[in-house]
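What follows is a single structure, written as structure tokens, with notes after it.
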Amino acid sequence: MVTRRIDEAARAMEATVTAGAGITAPEARCWTGAAIDSRQVRGGELFFALEGSRADGHRFVPDALAAGAAAAVVRRGALGAPGAGELYLAVEDPLAALHALTRAVRREVPRHLLGLTGSAGKTTTKELLAILLARRFRVAKSPGNLNNLLGFPLALLGIPEDTDWMVAEMGMSTPGELGGVSRLARPDVALLLNVRPVHLEFFGTLAAIAEAKAEILEGLAPDGLLVANADDAEVRRVAPRHPGRIVWFGWGPEAEVRGEGFEALTGSHPGSRFTIVAGGERLGVELPLLGRANADNALAAAACAWALGVPLAEIAAGLAEARPAPGRGEVHALLGGVLVDDSYNSNPEALSRSLEAVAALDGKRHWAVLGDMLELGPGAPAFHRRCGEEAGHLGFSPVVGVGELARELVAGAAAAGAEARWLPDAAAAARLAATTFASGDVVLVKGSRGVRLDVVVEKLLGRAGGEAS
């Protein structure tokens with residue numbers, strides 16, 4: 001349980017404490033975490049009234065305090081005096097204060113921090129790492145995708161004070177952002193998963209994305225540990241900038257932690273089987289997560305855990321306990337068939353790997369509901385067409401494309417011989433899916449988060465009462 005004092009937070013943020021009527025000894029009060037959305041206040045948090053382009057957090061201070069926030073961190077002069085029972089911490093800039101408090105808390109909590117980044121697989125790898133490290137340590141992890149200059153502080157400020165290791169996902173959408181997160185986090189270990197054609201709209205080239213991912217090194221101490229993907233050319237290019245120890249993972253002979261003999265398991269409980277080789281040991285692993293991409297994620301997590309002293313036998317046992325995060329390859333039994341919910345996000349390589357994995361599952365008919373892949377820049381139409389062609393060549397039919405960019409995906413699927421249909425939005429796709437799915441079918445649902453294909457999954461599960469297998 002987090003129980004930190006208001007006076008300590010005020011000193012870290014250079015804040016003036018102002019209490020309303022009825023509050024005695026306000027500085028001795030405690031807080032239990034942080035929030036920037038009044039709807040997320042559960043009781044005891046510091047509410048930071050951030051001023052954004054769409055809304056000013058000061059408007060929601062009354063709501064946050066009514067919901068049980070311990071105090072509101074506000075810009076000096078933005079509000080009048082606090083009301084009865086209310087507590088304000090007045091600062092020059094609430095966002096700068098949030099970062100200042102994060103830096104102060106990080107000096108004490110957690111004892112160690114592992115930061116991970118990559119274009120794909122961050123959340124799944126984070127979940128796997130938390131499982132593996134928890135076999136030896138007290139572990140906390142960043143919840144959901146709290147991974148940027150706003151999310152990471154919220155994650156760190158809410159972890160228990162006796163945490164041995166925090167596993168923190170770190171993301172970015174603009175140059176410089178990940179470096180800022182890394183400097184706040186000061187990781188003891190950094191994990192570079194991969195560099196993929198994601199965010200090309202903002203970065204232009206794969207090399208530019210790699211440079212942005214390499215910003216995770218900015219907060220890593222020179223003698224810190226870097227775990228890096230030996231199979232990724234861009235990771236191999238940027239990782240050697242770290243002057244300290246590097247543990248390479250991958251499927252090739254140059255990897256210190258190596259995977260061998262990948263085998264897809266496609267029966268009633270899909271997953272994979274492979275061998276991990278490290279430190280002169282070899283051990284077989286069964287992973288109850290679908291596809292080669294998840295085996296890559298598991299190998300990355302295993303490399304980190306092994307480097308931190310977790311034996312291979314415990315790593316194998318931990319991986320066997322893994323379950324997919326919501327919307328990231330969840331497998332549901334449905335009307336004698338299978339629904340694969342990969343609706344959380346999409347990019348060309350991730351879609352290709354999902355198509356390959358789902359095509360191998362047993363079923364009468366394989367079909368897919370595939371949404372726009374966003375932020376791909378000028379090459380977006382070609383990426384979509386190629387993915388549609390791949391779906392058709394792998395035997396998916398029908399292929400349902402959702403969103404404007406998916407018009408090209410549908411064209412590619414049709415050119416490859418598939419039945420293909422375009423729909424404007426997720427609501428239309430949900431209606432079609434509910435009437436198209438038949439007993440024994442296998443269906444993949446995947447698209448960028450902005451397309452909201454989770455509504456298709458909800459419609460199918462609601463219709464059939466499907467459960468995760």
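Note: hydrogens, waters and symmetry copies are ignored here, and every other heavy atom, side chains too, is used.
Although no hydrogens or angles enter the test, the distance criterion places a donor-acceptor pair under 3.5 Å between the side chain of R111 and the main chain of D162. Here the side chain of D56 pairs no donor or acceptor atom with the backbone of R59 at under 3.5 angstrom. Remark: side-chain polar atoms of K213 are paired, donor with acceptor, to backbone N or O of G118 under 3.5 angstrom. Looking only at distances, a side-chain donor or acceptor of R106 sits under 3.5 Å from a matching main-chain atom of A185.
In terms of heavy-atom proximity, P187 sits nearest to G219 at CD-O, 3.6 Å. Across all their heavy atoms, V139 and A134 have their closest contact at CG2-N, 3.5 Å. Here the closest heavy-atom approach between residue L225 and residue A307 is recorded as CD2-CB, 3.7 Å. Across R452 and A426, no two heavy atoms sit closer than the pair O-CB, 3.3 Å.
Comment: R449 does not engage E375 in a salt bridge, judged by the lack of any side-chain N to carboxylate O separation of less than 4.0 angstrom. Remark: D164 does not engage R135 in a salt bridge, criterion side-chain N to carboxylate O under 4.0 Å. With respect to the salt-bridge test (charged N to carboxylate O, under 4.0 angstrom), the residues R328 and E127 do not qualify.
Atom CG of L265 is separated from atom CG of L289 by 11.0 Å, given to the nearest 0.5 angstrom.
For the side-chain hydrogen bond (donor to acceptor under 3.5 Å, both in side chains) test, no residue two or more places apart in sequence or in another chain qualifies with E419.
Residue L444 is tested with L339, D341, V358 for a side-chain contact (heavy atoms from CB on, under 4.5 Å); the sole match is V358.
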